[in-house]
Amino acid sequence: MRLLVVEDEHRIAQAIKEGLEQESYAVDVEFDGEDGYNAARADEYDLIILDVMLPTLDGYEVCKRLRAEGNHTPVLMLTAKDQDNDV
């Protein structure tokens, strides 16, 4: 399986990447929303792990644009937000 991780915190992104690679996943990493969006459009992924709070485009916007283009790759959203309205 090929996964895309879009996370602006380099340590977190690296930890996720290493953990997934240990489980034999192929993992690409992008560090901002625009680059993540472009990567998701350019290549085929089995899953996108997408941080909500990203530079350039937030995770919501990345997901919204992909869905509007017909990209239905499953997305797992990461967030540190914990307020009820954020959920």
Side-chain angles (χ1 to χ4, degrees):
M1 287 186 74
R2 188 159 181 224
L3 310 179
L4 173 62
V5 175
V6 187
E7 167 62 64
D8 62 323
E9 294 290 332
H10 288 249
R11 281 189 347 219
I12 294 171
Q14 189 61 31
I16 293 169
K17 177 181 171 73
E18 289 174 8
L20 291 169
E21 287 178 338
Q22 287 177 358
E23 298 298 323
S24 300
Y25 293 101
V27 182
D28 294 334
V29 176
E30 296 296 343
F31 299 104
D32 71 54
E34 188 73 35
D35 290 341
Y37 170 68
N38 289 331
R41 293 179 71 219
D43 290 311
E44 197 168 313
Y45 291 97
D46 297 296
L47 175 71
I48 300 169
I49 300 174
L50 183 59
D51 187 15
V52 170
M53 297 170 56
L54 294 165
T56 66
L57 290 176
D58 68 32
Y60 298 124
E61 185 64 25
V62 171
C63 189
K64 179 180 170 183
R65 289 182 184 190
L66 291 171
R67 294 299 187 250
E69 295 173 359
N71 183 325
H72 297 290
T73 301
V75 174
L76 176 63
M77 301 292 279
L78 298 179
T79 184
K81 293 184 173 193
D82 60 358
Q83 300 298 312
D84 287 339
N85 61 341
D86 293 323
V87 175

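Going from atom CG of Leu66 over to atom CD of Glu61 covers 10.0 Å, rounded to the nearest 0.5 Å. Going from atom CZ of Arg11 over to atom CD1 of Ile16 covers 12.0 Å, rounded to the nearest 0.5 Å. Rounding to the nearest 0.5 Å gives a distance of 12.0 Å between OH of Tyr37 and OG1 of Thr56. The distance from the CZ atom of Arg65 to the CG atom of Asn38 is 9.5 Å, given to the nearest 0.5 Å. Atom-to-atom distance recorded for Met1:CE and Leu20:CG is 10.0 Å, nearest 0.5 angstrom. Taking CG of Leu4 as the reference point, atom OG1 of Thr73 lies at 9.0 Å (rounded to 0.5 Å).
Under a hydrophobic clustering in which Ile, Leu, Val, Met, Phe, Trp and Tyr are joined whenever their side-chain heavy atoms come within less than 4.5 Å, directly or via other members, Met53 and Leu50 fall into the same cluster. Hydrophobic clustering of Ile, Leu, Val, Met, Phe, Trp and Tyr side chains at less than 4.5 Å, counting indirect connections, unites Ile12 with Leu47. Cluster annotation: Leu57 is connected to Val52 through the hydrophobic network of ILVMFWY side chains, with a link wherever side-chain heavy atoms come within less than 4.5 Å.
Looking at every heavy atom in both residues, Asn71 comes nearest to Ala40 through ND2-O, 3.6 Å. In terms of heavy-atom proximity, Gly33 sits nearest to Val62 at O-CG2, 3.5 Å. For the residue pair Val75 and Cys63, the shortest heavy atom distance occurs at CG2-SG, 4.3 Å. Across Glu44 and Arg2, no two heavy atoms sit closer than the pair O-NH1, 3.8 Å.
More than 12 heavy-atom neighbours from other residues, nucleotides or ligands sit within 6.0 angstrom of CZ on Phe31.
In this structure the side chain of Met77 reaches within 4.5 angstrom of the side chain of Tyr60, judged on heavy atoms. Counting heavy atoms from C-beta outward, Val5 and Lys17 have side chains that stay 4.5 Å or more apart. You'll find the side chain of Val6 stays beyond 4.5 Å of the side chain of Asp51, heavy atoms only.
Exactly one of Asp35, Asp8, Asp32 qualifies for a side chain to side chain contact (heavy atoms under 4.5 Å, CB included) with Leu54. That residue is Asp8.
When atom types are taken as modelled, the side chain of Glu7 and the backbone of Glu9 share a donor-acceptor pair closer than 3.5 angstrom.
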Test side chain to side chain donor-acceptor pair (under 3.5 Å) applied to Asp46 and Tyr25, step by step: CA-CA 10 Å; Asp46 297 296; Tyr25 293 101; over 6 Å; no
Side chain to side chain donor-acceptor pair (under 3.5 Å) assessment of Gln22 paired with Glu18: CA-CA 6 Å; Gln22 287 177 358; Glu18 289 174 8; 5.8 Å; no
Pair Asp28-Leu3, side chain to side chain contact (heavy atoms under 4.5 Å, CB included): steps then yes or no: CA-CA 6 Å; Asp28 294 334; Leu3 310 179; over 6 Å; no
